[in-house]
Amino acid sequence: MSAETKSLNFLEHIIEEDLANGLSKDKLRFRFPPEPNGYLHIGHTKAIGISFGLGEKYNAPVNLRFDDTNPAKEEQEYVDAIKEDVSWLGYKWAEERYSSDYFQELYDWAILLIKDGKAYIDSQSSKTMAEQKGTPTQPGVDGPYRNRTIDENLELFAKMKAGECNEGEHILRAKIDMQHVNMLMRDPLMYRVLKKHHHRTGNDWCIYPMYDWTHGESDYIEQISHSLCSLEFKPHRELYDWFKEQVHGFAKNKYPMQPKQREFARLNLSYTIMSKRKLLKLVEEGLVSGWNDPRMPTISGLRRRGYTPQSIRKFVETVGVAKRENIIDVSLLEFCIREDLNKKAHRVMAVLNPIKLVITNYPEGKEEWLEAENSQEDESAGFRKVPFSRELYVEKEDFKEEAGSKFFRLRLGGEVRLKNAYIIKAESVVKDAQGNVTEIHCTYSTDTEKKVKGTLHWVSIKHAIKAEVRDYDRLFTDEAPDSHADKDFMEFINSKSLKTIEAFVEPSLADAKIGDQFQFQRLGYFNVDDDSTSKNLVFNKTVGLRDSWAKVKPKENTNNQQGNNQKQPQQNKRSAIDQIKSYGKKYDRMQDDQREKAKAEIIELAKSIAYEDLEPLFGTAVKKAGTRIITMISLGVLLDNGLDKNEAINNFITKALEDKNELLVVEANALL
RNA sequence: UGGCCUAUGGUGUAACUGGUAACACGUCAGUUUUUGGUACUGAAGAGUCUAGGUUCGAGACCUAGUGGGCCAACCA
C-alpha cells in the first residue's frame, strides 16, 4: 500500500545505484527539453512525468529547457503553449532555460575545440559530405578539408560567425573518426550557417549549433545529473559523452559534474499518432480544428476534451517505464479519466437521442420540482431541483415495443423508474405513416418504493434546454496508423470521428461554464466546450460510461469488433515450427485430454514444416522431455509423408527408446 | 557483409544482489445499486521467443539463433 513497497523502474534503479556509489542527493537535477516547434502530446507527458516525477520523488530541481537551436522551425507560440501545458499538468519547473542562452559559451568552447585540433571547417556540399560518411555497414572516408590548419579553421569559423559566409558554404564539424561503427561519430556537424531570425536571439547569430553539440553541453552547463530521453537517442550517447569529455577538459572548475544520458521507450497509444510532424499535417490540412481539437492526442486537445491533469498523470504513472517498444491500449487512458471524473463530476440528465413520452394520467399544465442528488460518490455535492411535467423526452434506445428478458428498459406493458421521479408503465404508442414510434404513452404511479429493473433518465420537454453535443470517435481506424511500411497514416483517417448531436439537457445546466464537467447520467462524462456560449451550449463527450449492456446487446455493433481481429494475426505470425516448440515446453506436464488436443495440433502443424526445421531439435537436452516428444511426433508426420530415415533420425529414435520418460518411449516406438 | 537496444498473460509494467511468476487495465461471473455506472467478491488467462550452456536451482547470468526497434537530415 505505502509508496516504499512500490518497485522501482530501471531509471530509479540507476539513480539509487549512483546515490549508493557516492553521488550526493542534492546534486540530483533533471530537465525536460522540448523543442518549441509544435504542441506537446500525450507522448511527451511520459517524458514530463518521468523527469518531473523523479524531481518530486527526490526533491530535486527540474528545469524546463527549450531546445531552440533551429530558428527555421521554432516559434514563440509554441514556447507559450508548452509552458501552459506543463503547468496545467501541475508540474513546477525550477528554472526556465533556453539552449540559446548558451550560444556564446558554446561558441567559445567550439574555438577551444578547434585549437585542440578536435574540430575543423568543412567546405564541401552536404551531398558530398554525406557520401563520404558511408553507410551503417560501410565505413566513411576522410574529406579533403579534414586536415586544415588550426589557424585556417579559426579564421573561417570567425568569418562564419561574422556573417561573411553563405548558408551551406562552410560548416564546423568535430574531428573524430570517419571509420567509426557509429555513424554519429563520423565527424558530426557542430555548426551551420543559418541566416534566420531567432525568436529569442533575434539576428545576433547567423551560425547555429546542432543538437548533439548543444544538448549535452546544455545539460552540462545546467549541471543536470541524469539526462533522460527516449530510445532513439541511444546512438547519440557515445557522441554526447565524447563532447562532454572534451568540454570537461576546459571547464571542470566551473562545471564539476558530468551528466549522464539514459534512454527509455517512448509512449505509443493505440489508434493515434505521436509525431509532431504528422499531427501538424492534420492541423494544416484541416482534418481537425487545430492543435487543441478534442480528438487530438495533444495535451491541449485532451484538456479541451475534458481530461483532467490528475487522470493524465495517473495514466503515465500506471504505464510505467521500460526499454521495449510498446503500444498502450486507449482503454487504459479511458479508465483513468473515468476513475477521476466518477469522483468529481456532478450527475445531471441529458437526452441525446430523444423520443417523446407522455404521461397520460399526469395533469396537463402541472409541474413539480423534484429533488435530485448531485453525486452519490460525494456527500458534500448536495442536491438540486429538476422539473417534472406531463411531457418528457427519453432516449429512443430506452424503449422497445417488445423485447427479450435481458432488456431492462421500457417496453409496452412494462414498468420502469424515471430517475429522481416516478415509476411509469408504457400503455401505448403513436406511430407515423412509416410505422416509426413517435410518442410513447404511459401512466405513472407515485409508489416509488416498488422494485423495477430499469431506471431511465429523462428531461421535461417544456423545461429542457437545447444543447449541441459533440461525440467523438477515434481519429484513426487502425491500431497503429503510422507503423505500416506500405501505407501512409493518412489512409487510416476515420472520417466519422466527429458526430454533432442536438440534445436536450436539464435546465440546471443553463449557467454551466466553459470547462465544467458533468456526468450525463447513464451516458458518459461531458464538459462544456470552449465554443460554448450562454445562448448555445456546447458539450464535448469526454468518455462514455462503461457499458456492459452494449456487450449484451445483439448485433448492430458495427465498428466495435477490433478486439477480435488482433489475436488471429498474432498467432499466425508464429511459424509452425515455433508453435510446435512452444507445445514442447509444457507437453509432458499436460493433462491427458489436453495432451490429446495438443498432439492433434502438432500433427497438423507438422505437415507444414521442413526436415531442416526439425533436425536441430534432435540435440535437445535429455531433461527437456517435452521438446523431444513433440519432435518425435513431428518426425512421425514427416516420415509418413515420405521422408526417409537417415543416420540422425535413427540415432534420435534409438536414444529415445532408452529414455525414462514413458511418453517419449511410446512415441518413439510408434516410429519403428 | 555492420553496430546498438529489446523480447514476461490480450495490453502495459513487476519479480531486491539467481530460489519456478505479481500488480493494473481488459475479459468473464456473482453481490450491492433509483445510473446495465460506481463499489465489493471471485474466476479464467503467461510458465517468461527458441536452442544450448553455467548452476543444487535461471524469467533473471553467458553463447547462438529468431522476431521487433533504432542508426547514413547543414532536424531535434
Side-chain angles (χ1 to χ4, degrees), chain A residues 6-9 13 33-35 37 67 69-70 72-73 125-126 129-131 133-140 167-168 170-171 173 180-184 186 189 191-194 208 210-212 214-215 231-238 263 265 270 276-277 318-329 331-336 338-339 342-343 347 373 376-377 406 408-409 417-421 423 448 452-457 519 521-524 545-553 563 566-567 570 573-575 577-578 581-582 584-586 589 616-617 619-621 624 627:
Chain A
K6 228 182 131 192
S7 55
L8 304 179
N9 65 44
H13 278 296
E35 183 189 10
N37 68 343
D67 226 337
T69 60
N70 185 2
K73 287 189 182 169
S125 71
S126 61
M129 284 192 284
E131 280 161 13
K133 223 169 189 177
T135 70
T137 52
Q138 285 171 316
E167 290 187 14
H170 304 290
I171 52 101
R173 60 197 299 195
H180 204 286
V181 285
N182 184 346
M183 296 280 302
L184 286 158
R186 323 240 255 233
L189 264 71
Y191 278 93
R192 78 284 213 190
V193 174
L194 231 42
Y208 289 92
M210 301 288 289
Y211 166 83
D212 286 294
T214 313
H215 193 93
L231 236 35
E232 65 263 34
F233 291 98
K234 177 70 218 281
H236 293 253
R237 183 148 119 198
E238 201 170 11
E263 311 82 12
S270 61
K276 278 193 215 170
R277 206 193 79 238
T318 17
V319 151
V321 191
K323 294 214 288 194
R324 57 171 161 164
E325 297 291 317
N326 58 74
I327 300 179
I328 289 146
D329 204 307
S331 64
L332 183 61
L333 218 208
E334 293 177 347
F335 164 78
C336 292
R338 283 194 194 107
E339 188 190 41
N342 177 48
K343 287 179 296 194
R347 275 61 171 167
E373 193 178 13
Q376 28 292 90
E377 303 295 317
K406 283 188 178 162
F408 301 164
R409 286 113 110 129
R417 182 188 302 280
L418 291 178
K419 179 81 186 170
N420 306 313
I423 290 187
T448 56
V452 290
K453 216 147 189 201
T455 302
L456 307 189
H457 60 276
Q519 185 195 94
Q521 219 137 188
R522 302 210 303 136
L523 298 175
L545 257 25
R546 275 188 69 208
D547 187 357
S548 40
W549 166 240
K551 292 170 194 159
V552 181
K553 204 166 37 173
Q566 289 161 21
K567 292 176 189 172
Q570 267 178 354
K573 224 164 67 182
R574 301 186 60 188
S575 66
I577 186 70
D578 280 344
K581 278 183 195 167
S582 71
K585 300 210 68 168
K586 46 196 169 184
R589 280 177 287 133
L617 297 180
T620 300
K624 300 198 173 175
T627 302

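Every chain is numbered from 1 and lettered A, B, ... according to where its sequence line falls, protein lines coming before strand lines.
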Exercise. For L231(A) and E325(A), what are the C-alpha separation, side-chain angles and deciding distance, and is it a side chain to side chain contact (heavy atoms under 4.5 Å, CB included)?
Worked result: CA-CA 9 Å; L231(A) 236 35; E325(A) 297 291 317; 4.1 Å; yes
Exercise. Would H236(A) and H215(A) satisfy side chain to side chain contact (heavy atoms under 4.5 Å, CB included), going step by step from the backbone distance to the final call?
Worked result: CA-CA 11 Å; H236(A) 293 253; H215(A) 193 93; over 6 Å; no
For this session: Apply side chain to side chain contact (heavy atoms under 4.5 Å, CB included) to I171(A) and M210(A), showing your working.
Result: CA-CA 11 Å; I171(A) 52 101; M210(A) 301 288 289; over 6 Å; no
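A sub-4.0 Å separation between OP1 or OP2 of A15(B) and a side-chain N or O of H13(A) is present. Neither OP1 nor OP2 of C5(B) sits under 4.0 Å from any side-chain N or O of K323(A). Here T318(A) does not reach the OP1 or OP2 of C23(B): none of its side-chain N or O atoms lies under 4.0 Å away. The shortest distance between the side-chain N/O atoms of R338(A) and the OP1/OP2 oxygens of G37(B) is not below 4.0 Å. Within the 4.0 Å cut-off from OP1 or OP2 of A73(B), not a single side-chain nitrogen or oxygen of K133(A) is found. One finds a side-chain N or O of T69(A) lying less than 4.0 angstrom from the OP1 or OP2 phosphate oxygen of A76(B). Within the structure, every side-chain polar atom (N or O) of R237(A) is placed at least 4.0 Å from both OP1 and OP2 of C70(B). In this structure, K551(A) reaches the C28(B) phosphate: one of its side-chain N or O atoms is under 4.0 Å from OP1 or OP2. Of the side-chain N and O atoms in R277(A), none sit less than 4.0 angstrom from OP1 or OP2 of C75(B).
Residue W549(A) places its side chain closer to G36(B) than to any other of U35(B), G36(B), C75(B). Of the candidates U35(B), C74(B), A76(B), the closest approach to any side-chain atom of Q376(A) belongs to U35(B). Taking only side-chain atoms of D67(A), from C-beta outward, the nucleotide of A76(B), G3(B), C74(B) with the closest atom is A76(B). Closest approach to the T455(A) side chain among U35(B), A72(B), C75(B) is made by U35(B) (side chain taken as heavy atoms from C-beta onward). Closest to the K419(A) side chain, of the nucleotides G12(B), U34(B), C71(B), is U34(B). With G26(B), C74(B), G37(B) as the choices, the nucleotide that has an atom nearest any side-chain atom of F335(A) turns out to be G26(B). Residue N70(A) has its side chain nearest to A76(B) when only U38(B), C71(B), A76(B) are considered.
On the C1' atoms, G59(B) is 12 Å away from C49(B), given to the nearest whole Å. To the nearest whole angstrom, the two C1' atoms, one in U13(B) and one in C4(B), are 24 Å apart. Taking atom C1' on both nucleotides, G19(B) is separated from U11(B) by 29 Å, rounded to a whole Å. U31(B) and G36(B): their C1' atoms are spaced 15 Å apart (whole Å). Straight-line distance between the P atoms of U63(B) and C5(B): roughly 11 Å, to the nearest whole Å. Spacing between U55(B) and G18(B) at atom C1', rounded to whole Å, works out to 9 Å. Annotation: C70(B) and A60(B) have their C1' atoms spaced 25 Å apart (nearest Å). For the P atoms, the distance from U6(B) to A15(B) is 15 Å, rounded to whole Å.
L332(A) comes within 4.0 angstrom of sugar-phosphate atoms only, judged by non-hydrogen atoms across all strands, and of no base. Residue E373(A) is out of contact with every strand shown, counting any heavy-atom pair closer than 4.0 Å. No contact: R186(A) has no heavy atom under 4.0 Å from any strand. As judged by a 4.0 angstrom heavy-atom cut-off over every strand, N326(A) is placed among residues touching the sugar-phosphate backbone only. Here M210(A) lies in heavy-atom contact (under 4.0 Å) with sugar-phosphate atoms only. If you check every strand for non-hydrogen atoms under 4.0 Å, K343(A) touches nothing. Using a 4.0 Å heavy-atom cutoff across all strands shown, S126(A) reaches at least one base atom of the nucleic acid. Nucleic acid contact class of E377(A) (heavy atoms, under 4.0 Å, all strands): base. F233(A) comes within contact range of at least one nucleobase, with a heavy-atom separation under 4.0 Å. If you check every strand for non-hydrogen atoms under 4.0 Å, I328(A) touches sugar and phosphate atoms only. The residue V321(A) sits close only to the backbone: its heavy atoms come under 4.0 Å of sugar-phosphate atoms, none of a base. The residue K234(A) sits close only to the backbone: its heavy atoms come under 4.0 Å of sugar-phosphate atoms, none of a base. Residue-level contact check: D547(A) touches the backbone only, with heavy atoms under 4.0 Å from sugar-phosphate atoms and none from bases. When heavy atoms are screened at a 4.0 angstrom cut-off, Q519(A) is found touching base atoms of the nucleic acid.
Under the 4.0 Å criterion applied to side-chain N and carboxylate O atoms, R237(A) and E263(A) are assigned as salt-bridge partners.
A straight line from NE2 of H457(A) to P of U35(B) spans 13 Å, rounded to a whole angstrom. Rounded to whole Å, atom C1' of C74(B) lies 15 Å from atom CD of E131(A).
Here CZ of R522(A) is found 5.0 Å from CZ of R409(A). Values are rounded to the nearest 0.5 Å. The distance from atom CE of M183(A) to atom OG1 of T137(A), rounded to the nearest 0.5 Å, is 9.0 Å.
For V452(A), the side-chain contact (heavy atoms from CB on, under 4.5 Å) partners at least two apart in sequence or on another chain are E415(A), R417(A), I423(A).
With pairs defined as Watson-Crick or G-U wobble and both atom distances under 3.5 Å, the stems of at least three pairs that touch RNA chain B come out as B:2-7 with B:66-71, B:10-13 with B:22-25, B:27-31 with B:39-43, B:49-53 with B:61-65.
Nearest heavy atoms, Q376(A) versus E373(A): CA-OE2, 3.8 Å.
A 4.5 Å side-chain heavy-atom check between H180(A) and E238(A) finds at least one atom pair inside the cut-off. At least one side-chain heavy atom of L184(A) sits less than 4.5 Å from a side-chain heavy atom of D212(A). Contact of the L194(A) side chain with the N70(A) side chain is registered, since non-hydrogen atoms from C-beta on lie closer than 4.5 Å.
The base of G67(B) lies outside donor-acceptor range of the side chain of E325(A), with no N or O pair under 3.5 Å. Contact of R546(A) with G36(B) (side chain to base): no donor-acceptor pair of N or O atoms is detected under 3.5 Å.
Sequence order on RNA chain B of the closest nucleotides to S548(A) and T135(A) puts S548(A) first from the 5' end. When each of L523(A) and A322(A) is assigned the nucleotide of RNA chain B with its nearest heavy atom, A322(A) is the one assigned upstream, toward the 5' end.
Against the 90° criterion about 0, the sugar-base torsion of G69(B) places it in the anti range.
With hydrogens and angles ignored, the 3.5 Å screen pairs a side-chain donor or acceptor of N182(A) with a backbone N or O of P235(A).
Stacking annotation: F408(A) is stacked on the base of G36(B) (ring centroids less than 5.5 angstrom apart, interplanar angle below 30 degrees).
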